[in-house]
Amino acid sequence: MDKKYTTTSGIEIKEVYPAVPSKQELPGQFPFTRGVQKDMYRGRLWTMRQYAGFSTAEESNKRYHYLLAQGTMGLSVAFDLPTQIGYDSDDAMAEGEVGKVGVAIDSLKDMEVLFDGIELQKITTSMTINATAAILLAMYIALAKKQGADLQQLSGTIQNDILKEYAARGTYIYPPKPSMRIITDIFEYCGKELPKWNTISISGYHIREAGATAVQELAFTLANGKAYLNAALQKGLDVNVFAKRLSFFFNCHNNFFEEIAKFRAARRMWANIVKSLGATDEKAMMLRFHTQTGGSTLTAQQPLNNVVRVANQALAAVLGGTQSLHTNGYDEALSLPTEAAAKIALRTQQIIAFESGVTDTVDPLAGSYFIETLTDEVEAAANIYMDKIEVMGGAVNAIESGYMQQEIASASYQYQQEIESAQRVIVGVNKFTQKEERFNEMLNIDETVRVTQIEKLKKLKAERNNEAVEAALLNLKNKARGTENLMPFILLAVEEYATLGEIANCLREVFGEY
């Protein structure tokens, strides 16, 4: 019997593909299957970002200056776990986690140090932050104001995607409804004050990292995106305005052609979703996205093999038409990336951009019988999931009922079974193995980071105007009980040097914890 070949999502791959009917769609035209710009990378390369942040603001600032000197075009900030879930470094809940998986940010003081010597108006900054996104964005705005920046020109992205936290990642604080309120408050505020800021990066990345297939990543991400659109419409926002400031964040794994097809299908599906909700401006229908290579595909065994995996994934993202790209360090299955690993990750992007020739024409794989058919098949498979979610009443209901979580868990279990039975080959793990040599080049974060942060917090609280802080927090708490937009009041608290934990706890008292 002939062996059956499938993608990671279970779509059967034929031995050969017959000709597909000629498609006359051009890049830059609805529904944007072939790209959101008619000239794509001939006009402008994707933004080369390197996701970085560890230890203290001082240490991360050094890494940012290093990356900018190496040719990084935009910064992407990783925050530690306490920052992500609204605890100051001196909180008992923060013990053992301060500065470990990202930088510790407790107040505007830390933000000032983090971007010391970097003009915010001249760079774009992406911040991977969700539950405390409003607070970190307020700190960034406060710093930009201190630098004298024109807020109308400030550009960057906050992830701000709480639905995927409930579905896959777990760094939520408040229940879904108040969380959605904060998110739509950010949409509304930035629409007036920061018109160039991307107010949400709807993330499939963490859904994929939790074990989802490519098709599930696509379907669940777009379903979440549709929920945000509906929430903004209910708030009375104009879809033709706010939809232009939505962006997406996708993963890229090893199945080269399936990943390219996923990105092409995503643009087409999103364009049709936004149009169906009343948009008339084609720019509002464009799906713009950042890609990160697959962290869960990296192996601790034979870590230098990861250089090849990352290059393969980065090339797929570029052929799929990404607007922004982060490439993982080869050592990230072992620790946060060292400078050497971060540099080779960036050089990978630069070699693709300047040496491979794939940027010379738009959507170079268009018309491939395989790619065109696979794009259609990925879209059809994703639509089956989306239709089920629609019947449930949308993404929020699908998450609250546990549907998305169960589908992801089942896919993750199946994937692990395939590795353990060697049905799926992972080079260096279940095939082509060797006796491991100790890998010594690792970045370690010790516990002194927490001691440093606690000292900084003591100094801050001794020097700031504590009466003004208390007044700002009380005001915020009162506004949270009403219906006003919370962003201006969070910003006022931040500017008085209220800490992240104080602001998050203030909202916990009103909204409760989930």
Reference residue R309; test side-chain hydrogen bond (donor to acceptor under 3.5 Å, both in side chains); the match among N328, T299, T293
T299

[X] to [Y] - nearest heavy-atom pair and separation:
| X | Y | result |
| --- | --- | --- |
| K164 | N224 | N-ND2, 3.9 Å |
| N306 | L298 | OD1-CA, 3.4 Å |
| N240 | A279 | OD1-CA, 3.5 Å |

Checking [Y] against [X]: is there a side-chain donor and acceptor pair closer than 3.5 Å?
| X | Y | result |
| --- | --- | --- |
| E209 | N251 | yes |
| D110 | Q453 | yes |
| T338 | D331 | yes |

Check: [Y] main-chain N/O paired with [X] side-chain donor or acceptor under 3.5 Å:
| X | Y | result |
| --- | --- | --- |
| N198 | L246 | no |
| N475 | A471 | no |
| N130 | D161 | yes |
| N160 | A133 | no |
| S412 | A409 | no |
| Y228 | L163 | yes |
| S247 | I200 | yes |

4.5 Å side-chain heavy-atom contact, [X] and [Y]:
| X | Y | result |
| --- | --- | --- |
| Y403 | N397 | no |
| I454 | R450 | yes |
| T213 | Q414 | no |
| L287 | F250 | yes |
| M386 | M269 | yes |
| D91 | P82 | no |
| M48 | L346 | yes |

Y166 vs S179, test: side-chain hydrogen bond (donor to acceptor under 3.5 Å, both in side chains). Steps then yes/no.
CA-CA 11 Å; Y166 300 118; S179 293; 2.9 Å; yes

Mind checking the [atom1]-[atom2] spacing from [X] to [Y]? Nearest 0.5 Å is all I need.
| X | Y | atom1 | atom2 | value |
| --- | --- | --- | --- | --- |
| I207 | L218 | CD1 | CG | 10.0 Å |
| L143 | L120 | CG | CG | 5.0 Å |
| T348 | K343 | OG1 | NZ | 12.5 Å |
| I118 | T125 | CD1 | OG1 | 8.0 Å |

Identified side-chain contact (heavy atoms from CB on, under 4.5 Å) partner of S76 from the options R49, M127, Q292
R49

Worked verdict on Q406 versus S410 for side-chain hydrogen bond (donor to acceptor under 3.5 Å, both in side chains):
CA-CA 6 Å; Q406 185 55 50; S410 296; 3.3 Å; yes

Once salt bridge (charged side-chain N to carboxylate O under 4.0 Å, His left out) is applied, what residue pairs with a partner in residues 391-402 remain, sequence neighbours excluded?
none

Before you tell me yes or no, could you show the steps for W270 and F289 under ring-ring contact (aromatic ring centres under 6.0 Å, His included), namely the whole-Å CA-CA distance, both residues' side-chain angles and the distance that decides it to 0.1 Å?
CA-CA 11 Å; W270 184 246; F289 68 99; over 10 Å; no

Looking at Y87, is R508 sitting on its ring face, NZ or CZ under 6.0 Å from the six-membered ring centre and within 45 degrees of the normal?
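Here R508 passes the 6.0 Å and 45° test against Y87.
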
Would you call [X] and [Y] a salt bridge, using N to O less than 4.0 angstrom?
| X | Y | answer |
| --- | --- | --- |
| K456 | D106 | no |
| E407 | K388 | no |
| K479 | D185 | no |

For F249 and H290, take the angle between the two ring planes, folded into 0 to 90°, and tell me which bin it lands in: parallel under 30, tilted 30 to 60, perpendicular over 60.
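Plane angle between 30° and 60°, so tilted.
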
Sequence neighbours left out, what passes salt bridge (charged side-chain N to carboxylate O under 4.0 Å, His left out) with K177? Give chain and number order.
none

